[in-house]
Amino acid sequence: QVELVESGGGAVQAGGSLRLSCAASGDTSSIWYMAWFRQAPGKEREGVAIISVRARDRNTYYGDSVKGRFTISQDDAGNTLYLLMNSLKAEDTAMYYCAAATDVVRNVYVASLYNYWGRGAQVTVSS
């Protein structure tokens with residue numbers, strides 16, 4: 001079992017920055033990928049940023065809408081996941097979820113392939 005708890009959400013003006021954190025506990029050694037997804041009202045859950053935690057260089061992947069603005073990272077112990085969000089836009093407003101997959105996934109952007117989820121952190125960007 002893996003538990004994920006997000007923190008750091010809030011309200012910010014367009015152009016500002018926020019950093020989300022996700023504390024992982026439990027059987028963290030079983031994790032292959034950790035990710036940030038987001039879901040806005042009426043929209044599907046979208047893969048924002050993913051990190052392959054077992055790769056030597058910890059490969060990262062980003063959704064097209066956030067490339068160059070968001071950065072995913074993990075602490076050396078592998079227990080905390082971060083998402084640094086810069087140049088925020090109104091369209092970034094959503095509930096952001098931390099997720100973990102304990103197996104190899106074919107498409108890191110597919111939410112259904114992740115088997116552990118946090119409760120989410122709201123990010124609101126005002127224009």
Side-chain angles (χ1 to χ4, degrees):
Q1 289 286 338
V2 174
E3 292 186 357
L4 304 171
V5 179
E6 301 95 338
S7 61
V12 64
Q13 289 190 333
S17 299
L18 276 176
R19 190 178 77 161
L20 300 180
S21 299
C22 172
S25 60
D27 188 16
T28 56
S29 65
S30 66
I31 296 173
W32 281 77
Y33 300 87
M34 292 195 76
W36 291 99
F37 283 78
R38 68 185 181 186
Q39 190 166 20
K43 294 189 177 181
E44 292 186 355
R45 194 164 292 193
E46 173 191 13
V48 173
I50 301 95
I51 187 166
S52 175
V53 302
R54 294 204 180 184
R56 182 176 300 178
D57 56 356
R58 295 189 177 180
N59 296 329
T60 57
Y61 310 84
Y62 294 95
D64 289 341
S65 61
V66 305
K67 282 180 182 177
R69 299 189 297 123
F70 290 12
T71 304
I72 189 171
S73 62
Q74 196 179 25
D75 69 344
D76 290 340
N79 294 328
T80 304
L81 184 72
Y82 300 101
L83 183 68
L84 176 61
M85 304 181 289
N86 293 324
S87 303
L88 282 161
K89 304 176 182 180
E91 51 263 43
D92 294 318
T93 296
M95 185 71 79
Y96 283 71
Y97 296 92
C98 177
T102 56
D103 201 350
V104 176
V105 299
R106 292 185 178 181
N107 185 332
V108 297
Y109 298 101
V110 175
S112 61
L113 298 180
Y114 291 79
N115 47 340
Y116 291 100
W117 292 85
R119 292 188 175 185
Q122 178 67 39
V123 172
T124 302
V125 184
S126 58
S127 57

Exercise for review: Apply ring pair (Phe, Tyr, Trp, His ring centres under 6.0 Å) to Tyr96 and list each qualifying residue two or more places apart in sequence or on a separate chain.
Suggested key: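 Ring pair (Phe, Tyr, Trp, His ring centres under 6.0 Å) check on Tyr96 returns nothing, list empty.
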
Show the nearest heavy-atom pair for residues [X] and [Y], with the distance to one decimal.
X	Y	value
Ala24	Met34	CB-CE, 4.2 Å
Ser17	Ser87	OG-N, 4.4 Å
Gln122	Met95	N-SD, 3.5 Å
Ser21	Thr80	CB-CG2, 4.4 Å
Asp27	Val2	O-CG2, 3.5 Å
Ile72	Ala35	CD1-CA, 4.4 Å

Review point. Side chains of Val48 and Met85: closer than 4.5 Å at any heavy-atom pair?
Key: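 No. Closest side-chain heavy atoms not under 4.5 Å.
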
Review point. Below 4.5 Å, heavy atoms only, C-beta onward: do Val105 and Val110 meet side chain to side chain?
Key: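 Counting from C-beta outward, Val105 and Val110 never come under 4.5 Å.
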
Report the distance from atom [atom1] of [X] to atom [atom2] of [Y], rounding to the nearest 0.5 Å.
X	Y	atom1	atom2	answer
Thr60	Gln74	OG1	CD	11.5 Å
Leu83	Thr71	CG	OG1	8.0 Å
Ser29	Arg54	OG	CZ	7.0 Å
Asp103	Ile31	CG	CD1	12.5 Å

**Study point:** In one Ile/Leu/Val/Met/Phe/Trp/Tyr side-chain cluster, 4.5 Å: Val5, Leu81
**Key:**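 No; Leu81 is not reachable from Val5 via cluster members.
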
Review point. Under a single-linkage definition using a 4.5 Å side-chain heavy-atom cutoff for Ile, Leu, Val, Met, Phe, Trp and Tyr, are Val53 and Val108 assigned to the same hydrophobic cluster?
Key: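 Looking at the clustering, Val108 is in a separate group from Val53.
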
Point to revise | Partner set under side chain to side chain contact (heavy atoms under 4.5 Å, CB included) for Val12, not counting sequence neighbours | key: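 If we apply the side chain to side chain contact (heavy atoms under 4.5 Å, CB included) test to Val12, skipping adjacent residues, the hits are Leu18, Leu88, Val125.
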
Check your understanding: Taking only residues two or more places apart in sequence, or in another chain, which ones meet Ala40 in a side chain to side chain contact (heavy atoms under 4.5 Å, CB included)?
Key ->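 With sequence neighbours excluded, Ala40 shows a side chain to side chain contact (heavy atoms under 4.5 Å, CB included) to Lys43, Ala94, given in chain and number order.
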
Qualifying residues under side chain to side chain donor-acceptor pair (under 3.5 Å), relative to [X], sequence neighbours excluded:
X	value
Arg19	none
Glu91	none
Glu3	none
Thr102	Asn115

**Study point:** Inter- and intrachain pairs under disulfide (SG to SG under 2.5 Å), touching residues 61-127, at least two apart
**Key:**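 Residue pairs with at least one partner in residues 61-127: Cys22-Cys98.
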
Review point. For the side chain of Arg38 and the backbone of Thr93, is there at least one donor-acceptor N/O pair under 3.5 Å apart?
Key: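 Side chain of Arg38 to backbone of Thr93, a donor-acceptor pair under 3.5 Å: no, none is there.
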
Check your understanding: Can you list every ring-ring contact (aromatic ring centres under 6.0 Å, His included) pair that touches residues 50-86, not counting sequence neighbours?
Key ->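 As it turns out, there is no ring-ring contact (aromatic ring centres under 6.0 Å, His included) pair with a partner in residues 50-86 once direct neighbours are skipped.
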
Check your understanding: Is there any ring-ring contact (aromatic ring centres under 6.0 Å, His included) pair reaching into residues 4-39, and which pairs are they, with sequence neighbours excluded?
Key ->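 Sorted pair list: Phe37-Tyr114, Phe37-Trp117.
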
Practice item. Please report the C-alpha distance between Leu20 and Glu6 in whole Å, then the side-chain angles of each, then the deciding distance to 0.1 Å, and finally whether the side chain to side chain contact (heavy atoms under 4.5 Å, CB included) criterion is met. Key: CA-CA 7 Å; Leu20 300 180; Glu6 301 95 338; over 6 Å; no

Practice item. With sequence neighbours excluded, give me every salt bridge (charged side-chain N to carboxylate O under 4.0 Å, His left out) pair touching residues 106-124. Key: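 The answer is none; no pair qualifies.
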
Point to revise | Selection residues 68-84 - residue pairs positive for salt bridge (charged side-chain N to carboxylate O under 4.0 Å, His left out), sequence neighbours left out | key: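 Only Arg69-Asp92 qualify under salt bridge (charged side-chain N to carboxylate O under 4.0 Å, His left out).
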
